[in-house]
Amino acid sequence: MSASPSARASLPDGIRFAFGTLTVLPVTVRRWDRDAARAGMLCAPLAGLVVGLCAAALGGLLTLLGAGPLLAAVASVAVPSALTRGLHLDGLADVADGLGSGKPAEDALGIMKQSDIGPFGVVTLVLALLAQVAVLAQLYGESWSRGAVAAAVAGVTARLALTLASRTGVPAARPEGLGAAVAETVRPRAALPVAVLVLAACAAVSPPCAAAVVVGCGAAELLLRRCVRRFGGVTGDVFGALAETAATAALVTLAL
């Protein structure tokens, strides 16, 4: 590390942490401590914006080159998966298996740690991806700009949900892993300005975009509360599931 854990993490430290843990982009995480995690989770929507813009760029480009809206939608859904190594989708599937198992918390957490995916996970994964592709195909069919904006908004909303889920009062379910590293690092009074900034920026684009952020984060919050009751806290898989849930709910909102 280039700085001692006791030193306050800077904005560059937070950006590196956010991009280094939430994307596969070539960023070196120079600090791995609670303060850097706090700064990183506050910067999570910025990482989401970059991921969303990459998805929007590919989908929009394919549309402008003459590709159909369905292909553009598939491309826009594939980009976030590629830029996260599919970890958020894997987390969604694992959480679905854990919640659907009906077993005690420790056993459910054990199921989530397994490398295979059960029937609950498969069904949830397929339905989520189908919903995302269906919405983006509809929006790209209306215009390339609507589809591109939706892809970008979904990326930001997904990572804002992670910022809010890292707040104090939401414990980690396990003592190790990414969930434990970022759990309870963000104070609500610090998360609020980030949420307001994201909401204001999306409202400046269009009121439906702001509504999508609210609904997406609301859906993620419902899942978060369910996971805390069921597992006793959050894990890396839970964070992945929250991101995919927020993105999907935001997209569905934009389709209505």
Side-chain angles (χ1 to χ4, degrees), residues 7-23 31 33-53 80 88 91 149-150 152-173 178-229 232-236 238-254:
R8 187 172 183 81
S10 63
L11 178 60
D13 289 328
I15 293 175
R16 291 189 192 96
F17 190 98
F19 280 87
T21 58
L22 300 178
T23 75
R31 290 186 55 170
D33 56 72
R34 298 286 289 176
D35 203 54
R38 175 196 60 79
M41 297 315 292
L42 289 173
C43 293
L46 178 60
L49 176 61
V50 171
V51 171
L53 289 176
H88 291 171
V149 167
V153 169
V156 173
T157 305
R159 276 65 180 185
L160 176 60
L162 303 187
T163 301
L164 299 176
S166 302
R167 67 184 183 270
T168 53
V170 181
L178 179 60
V182 301
E184 296 195 276
T185 57
V186 177
R187 294 182 179 180
R189 66 183 182 186
L192 181 60
V194 175
V196 170
L197 179 61
V198 170
L199 191 60
C202 289
V205 176
S206 73
C209 289
V213 173
V214 173
V215 173
C217 289
E221 178 65 22
L222 292 176
L223 177 60
L224 174 64
R225 295 186 180 190
R226 171 61 175 158
C227 289
V228 171
R229 290 196 302 269
V234 293
T235 67
V238 170
F239 276 103
L242 295 176
E244 290 298 329
T245 298
T248 304
L251 288 173
V252 171
T253 303
L254 289 172

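Worth knowing before you read on, the calculation uses all heavy atoms, side chains too, and leaves out hydrogens, waters and symmetry mates.
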List the atom of [X], the atom of [Y], and the distance in Å for their closest heavy-atom pair.
X: T157; Y: A212; answer: CG2-O, 4.2 Å
X: A246; Y: A158; answer: CB-CA, 4.0 Å
X: G216; Y: A249; answer: CA-CB, 3.8 Å
X: L22; Y: A44; answer: CD1-CB, 3.7 Å
X: C209; Y: V205; answer: SG-CG1, 3.9 Å
X: G233; Y: V238; answer: O-CG2, 4.5 Å

I need the [X] [atom1] to [Y] [atom2] distance, nearest 0.5 Å.
X: C202; Y: L197; atom1: SG; atom2: CG; value: 9.5 Å
X: R159; Y: L49; atom1: CZ; atom2: CG; value: 10.5 Å
X: L224; Y: L162; atom1: CG; atom2: CG; value: 10.5 Å
X: T23; Y: F19; atom1: OG1; atom2: CZ; value: 6.5 Å
X: F17; Y: L42; atom1: CZ; atom2: CG; value: 11.5 Å

Please tell me if the side chains of R187 and R38 come closer than 4.5 Å, counting only heavy atoms from C-beta onward.
no
Do V156 and V213 come close enough that some side-chain heavy atom pair is under 4.5 Å?
no
R167 (side chain) donor-acceptor with L164 (main chain) under 3.5 angstrom:
yes
Under 3.5 Å, side chain of E184 to main-chain N/O of G169, donor-acceptor pair present?
yes
Tell me, with the steps shown, if I15 and L46 meet side-chain contact (heavy atoms from CB on, under 4.5 Å).
CA-CA 8 Å; I15 293 175; L46 178 60; 4.1 Å; yes
Sequence neighbours excluded, which residues qualify as side-chain contact (heavy atoms from CB on, under 4.5 Å) partners of V214?
L199
Run the side-chain contact (heavy atoms from CB on, under 4.5 Å) test against S166 and tell me which residues pass, sequence neighbours left out.
M41, V182, T185, V186, F239
Set of residues satisfying side chain to side chain donor-acceptor pair (under 3.5 Å) with respect to T248, sequence neighbours excluded:
Q132
